[in-house]
Amino acid sequence: MTELRNLVVVLGDQLDMDAAAFDGFDPARDAVWMAEVAEESTHVWSSKPRTVMFLAAMRHFAQALRAAGRALHYTTLDAAENRGSLAAQLQADMERLRPARLVLTAPGDWRVLQAVKAAAEAQRLPLDVREDRHFYCSVREFAAYARGRKSLRMEYFYREMRKRHGVLMTGDEPAGGQWNFDADNRESFGAAGPGAVPPRAAFAPDEITREVIALVEARFATHPGQLDSFAWPVTREHALVSLQRFVAERLPSFGRYQDAMWPGDPWLYHSHVSAALNLKLLNPREVVAAAVAAYHAGAAALPGVEGFVRQILGWREYVRGIYWTRMPGYLELNALDARENLPAWYWSGTTDMACLRDALTQTLSHGYANHIQRLMVTGLFALMYGVEPQQVHAWYLAVYVDAVEWAELPNSLGMSQYADGGLMASKPYVATGKYIQRMSPYCRGCRYDPARRTGDAACPFTTLYWDFLLHHEARLSSNPRMALQVRNVARLNDAERQAIRERSAAIRRGDVA
Ligand SMILES: Cc1cc2nc3c(=O)[nH]c(=O)nc-3n(C[C@H](O)[C@H](O)[C@H](O)COP(=O)(O)OP(=O)(O)OC[C@H]3O[C@@H](n4cnc5c(N)ncnc54)[C@H](O)[C@@H]3O)c2cc1C
Ligand code: SF4
């Protein structure tokens, strides 16, 4: 038998034929290693849609590898010899296959990198970790950018990225003369509703995906989420169709309605490409190029295209940089000392709060909720309720098909829960139910009233908003961006403060849900 030179480790979110780990791949001497392991679905209580997303995409990628003539050692979840964790499986396979070296594209998760390193060390095998070229900005470049800056803000990082990569630039100036079109991008739908939104690109599960669905239903029967409507792209071909459909059908309205919500429709004008991007079925450069081309062709206006590019070239790269330059300490942060447990109904959607019920139900049915639902409904409630940020993190990492720790953690723990004390967001994103009322018609169909902060009909968001300000009054008073809110809370008399505290206690006891 010829000696195995490189064993190329491909993780579930590294499904890219052009990844650096394949550089110099010699089919005569190298082989690929992939494994489905239960640990990846149990270290957080991974929802069924999320697990199916990963496993179905991995199996289709395995098929593509074989078709391309790359030898593959693939362990399925139900294989008798499956060791249950990445590290244990890798060790067992290293002993069996005896490669001279392990090769790996830098993993997205800190935990996974440690596991692979430990496995290689245990076998005394050289490990070649290569740059993840998927991203525009390497971790080293981000670290250099962040070094010496007192505070980091996405906006300035994003401008640097636009300049460095020549995206939406006219010479040295931003296209259209301004960097930011956020002010044009904050509309709600109004009473008439969103009208005929183009249906999302949906892909009926093929035989491979159906097998995975059956496996996940059997193996993770008690895990949250449903699979009846699973229609995510799990191949590169489908991911490209999904991208093309977005650019042609939704991008022209993306920016305008980026922050809007509508009952029963999480999809709206969003792109739904996050899972395909995070599993590396799509490259961010082709996503950005497709949107910019639509602008140049006159098919989509600049504010919306800029708004979309900002998400990919700005936010997505920024959160990855924050994650890798702050781990592992970032995981433990709890700047507001929040200690409550996540309400159990986050896992079922059983609540009378119309906005939360819809966001949670859609999350569990599809493994998807749009950004504003994540930030200003589920995230906002958890923040003001005072849920321990690590529990919030575990929930977000479990429920979404696009959930990978590098993207999820800075968004949930940092941007949404303010647990990093202001690194991701310059102030806590807190609001009363009136914000949700402005951005959606949810409140019309809800038993609570967003204008009331106390009493039986009081909207829990509104009560908890005031409770949050009372609880953190001293800390927030040093933040100039919170000055107005702090002034408002200072005006409350003792009786009002007491009534807010009592109603908040009832919410936290579960008497109001
Ligand atoms: C609490 C919380 C948790 C989140 N967890 C994740 C996660 O696990 N994985 C994930 O990819 N995104 C996460 N996001 C960011 C964002 O909500 C999703 O990327 C987006 O909703 C995915 O839907 P879409 O593809 O239709 O996005 P669109 O609204 O169409 O946006 C386009 C793309 O921009 C990128 N993007 C937009 N906003 C962000 C952001 N804040 N951070 C990183 N990328 C962004 C995504 O790749 C997305 O596909 C989270 C946001 C919040 C507030
Ligand atoms: S009243 Fe409050 S709980 Fe009900 S939908 Fe509006 S914001 Fe949500």
Side-chain angles (χ1 to χ4, degrees), residues 13 50 108 154 200 242-243 246 250-251 254-255 257-259 261 263 266-279 282 284 287-288 291 307-320 322-323 351-359 367-383 389 392-393 395-417 424-425 429 431-452 457-465 512-513:
D13 62 351
R50 176 173 182 261
M154 199 294 288
R200 71 169 171 146
S242 189
L243 171 62
F246 164 68
R250 290 162 190 265
L251 177 62
F254 171 85
Y257 298 125
Q258 211 176 328
D259 284 4
M261 292 180 282
W267 314 108
L268 295 170
Y269 289 100
H270 292 272
S271 66
H272 326 135
V273 294
S274 49
L277 270 169
N278 294 352
L279 270 58
L282 288 176
V287 177
V288 165
F308 182 70
V309 166
R310 162 185 299 269
Q311 307 308 316
I312 309 268
L313 182 61
W315 280 112
R316 187 167 184 269
E317 299 284 329
Y318 185 72
V319 300
R320 176 179 181 252
I322 294 277
Y323 176 84
T351 165
D352 285 346
M353 289 176 260
C355 55
L356 264 165
R357 188 172 58 234
D358 210 34
Y368 182 82
N370 60 51
H371 182 68
I372 213 69
Q373 290 176 303
R374 298 186 203 196
L375 186 65
M376 295 310 284
V377 181
T378 46
L380 174 63
F381 188 86
L383 168 66
V392 181
H393 151 59
W395 185 80
Y396 279 103
L397 188 55
V399 292
Y400 291 112
V401 289
D402 58 32
V404 284
E405 194 174 87
W406 64 262
E408 173 275 328
L409 186 68
N411 271 301
S412 62
L413 190 135
M415 176 142 66
S416 140
Q417 302 301 299
M424 278 291 291
Y429 280 96
T432 66
K434 283 189 179 168
Y435 171 84
I436 292 170
Q437 185 181 36
R438 196 163 60 247
M439 299 313 293
S440 76
Y442 280 117
C443 303
R444 270 187 257 147
C446 185
R447 61 173 277 205
Y448 300 114
D449 178 352
R452 288 172 192 268
C459 163
F461 281 84
T462 305
T463 311
L464 291 175
Y465 167 83
V512 182

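Indexing begins at 1, ligand by ligand and atom by atom, following the structure's order. All values below were derived from every heavy atom in this structure, side-chain atoms included, with hydrogens, water molecules and symmetry-related copies excluded.
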Taking every non-hydrogen atom, the tightest pair across Y442 and Q373: OH-NE2, 3.9 Å
Ring-ring centroid check Y368 Y400, cutoff 6.0 Å: no
Short version for L277: what comes under 4.0 Å of ligand 1, heavy atoms counted, is side chain
A407 versus V319, closest heavy-atom pair with distance: CA-CG2, 4.0 Å
Please state whether the separation between atom 2 (Fe) of ligand 2 and some N/O/S atom of C459 is under 2.8 Å? yes
Winner among A291, S274, A369, A403 once heavy atoms are compared against atom 22 (C) of ligand 1: S274
List the atom of M415, the atom of A425, and the distance in Å for their closest heavy-atom pair. O-CB, 4.1 Å
How many angstroms lie between OH in Y323 and CG in N411, if you round to the nearest 0.5 Å? 13.0 Å
Heavy atom of Y396 under 4.0 Å from ligand 1? yes
Compare all side-chain heavy atoms of Q258 with those of Q311 and state whether any distance is below 4.5 angstrom. yes
Geometric N/O contact W315 with ligand 1, under 3.5 angstrom: no
Run the ring-ring contact (aromatic ring centres under 6.0 Å, His included) check on F254 and Y269 step by step: do they pass? CA-CA 5 Å; F254 171 85; Y269 289 100; 9.1 Å; no
Heavy-atom pairs closer than 4.0 Å: do any link ligand 1 to the side chain of N278, the backbone, both, or neither? side chain
State if W267 counts as touching ligand 1 under the rule of any non-hydrogen atom under 4.0 Å. no
To check your reading of the model: name the closest protein heavy atom to atom 7 (C) of ligand 1, its residue, and the distance in Å. D402 OD1, 3.3 Å
Show the atoms of ligand 2 that are less than 4.0 angstrom away from any heavy atom in Y442. 5 (S)
Do any nitrogen or oxygen atoms of S412 lie less than 3.5 angstrom from nitrogen or oxygen atoms of ligand 1? no
Restricting to non-hydrogen atoms, name the atom on P450 and the atom on G433 that form the minimum distance, rounded to 0.1 Å. CB-C, 3.6 Å
Look at atom 8 (Fe) of ligand 2 and say which protein heavy atom is nearest, naming residue and atom and giving the distance to 0.1 Å. C355 SG, 2.4 Å
Closer than 4.0 angstrom, basic N to acidic O: yes or no for D449 and K434? no
Within a distance under 4.0 Å of any heavy atom of V404, pick out the atoms of ligand 1 and give their elements. 8 (O)
Over all heavy atoms of both residues, which pair between A369 and R374 is shortest? Give the atoms and the distance, please. O-NE, 2.8 Å
For atom 35 (C) of ligand 1, the protein heavy atom that lies nearest, with its residue and separation: Q311 O, 3.7 Å
Do the non-hydrogen side-chain atoms of W406 and I322 ever get within less than 4.5 Å of each other? no
Give the numbers and elements of all ligand 1 atoms closer than 4.0 Å to a heavy atom of L375. 53 (C)
Protein contact to atom 33 (C) of ligand 1 [nearest heavy atom, distance to 0.1 Å]: I312 CD1, 3.5 Å
Are the side chain of Q417 and the backbone N or O of L383 linked by a donor-acceptor pair below 3.5 Å? yes
Which bit of Q258 gets closer than 4.0 Å to ligand 1, counting heavy atoms only: side chain, backbone, both or neither? neither
Which of the ligand 2 atoms, numbered from 1, are nearer than 4.0 Å to a heavy atom of G433: 7 (S)
Within ligand 1, which atoms have a heavy atom of H272 less than 4.0 Å away? 24 (P), 25 (O), 26 (O)
Which heavy atom of the protein is the closest neighbour of atom 6 (Fe) of ligand 2, given with residue, atom name and distance? C443 SG, 2.3 Å
Any idea which heavy atoms bring R452 and A457 closest together, and the distance? CD-CB, 3.9 Å
On the 0 to 90° scale, with breaks at 30° and 60°, tag the F246-F308 ring pair as parallel, tilted or perpendicular. tilted
I'd like to check H371 versus M376 (side-chain heavy atoms, cut-off strictly below 4.5 Å). Are they in contact? no
Within a strict 4.5 Å, meaning less than it, do heavy atoms of the Q437 and T432 side chains meet? no
Can you pull out the closest protein heavy atom to atom 4 (Fe) of ligand 2? Residue, atom name and distance to 0.1 Å, please. C446 SG, 2.3 Å
For a 4.5 angstrom cut-off between non-hydrogen side-chain atoms, does Y448 reach V512? yes
Measure up the Y318 and W315 rings against each other and bin them: parallel (under 30°), tilted (30 to 60°), perpendicular (over 60°). perpendicular
Considering heavy atoms of the protein only, find what lies nearest to atom 17 (O) of ligand 1 and give residue, atom and distance to 0.1 Å. H371 ND1, 2.8 Å
Enumerated ligand 1 atoms positioned under 4.0 Å from heavy atoms of M415: 41 (N)
Atom 28 (P) of ligand 1 - nearest protein heavy atom and its distance: S271 OG, 3.7 Å
So for F308, does at least one of its heavy atoms come nearer than 4.0 angstrom to any atom of ligand 1? yes
In this structure, atom 1 (S) of ligand 2 is nearest to the protein heavy atom Y448 O, 3.4 Å
Nearest-neighbour protein heavy atom for atom 29 (O) of ligand 1, which is reported as residue plus atom name and distance: H270 ND1, 2.8 Å
Would you mind running through ligand 2 and noting each atom that sits below 4.0 Å from a heavy atom of P450? 1 (S)
N or O pair under 3.5 Å between Y368 and ligand 1: yes
Which of the ligand 1 atoms, numbered from 1, are nearer than 4.0 Å to a heavy atom of F254: 28 (P), 29 (O), 30 (O)
Closest to atom 4 (C) of ligand 1 among protein heavy atoms sits N411 CB, 3.7 Å
For T378 and Y396, test the side chains for any donor-to-acceptor distance below 3.5 angstrom and give the result as yes or no. yes
Test of proximity, S416 against ligand 1: N or O pairs below 3.5 Å: no
Minimum distance, heavy atoms only, to atom 20 (C) of ligand 1: which one of R310, E408, R374 is it? R374
Within the structure, does A407 bring an N/O atom to less than 3.5 angstrom of an N/O atom in ligand 1? no
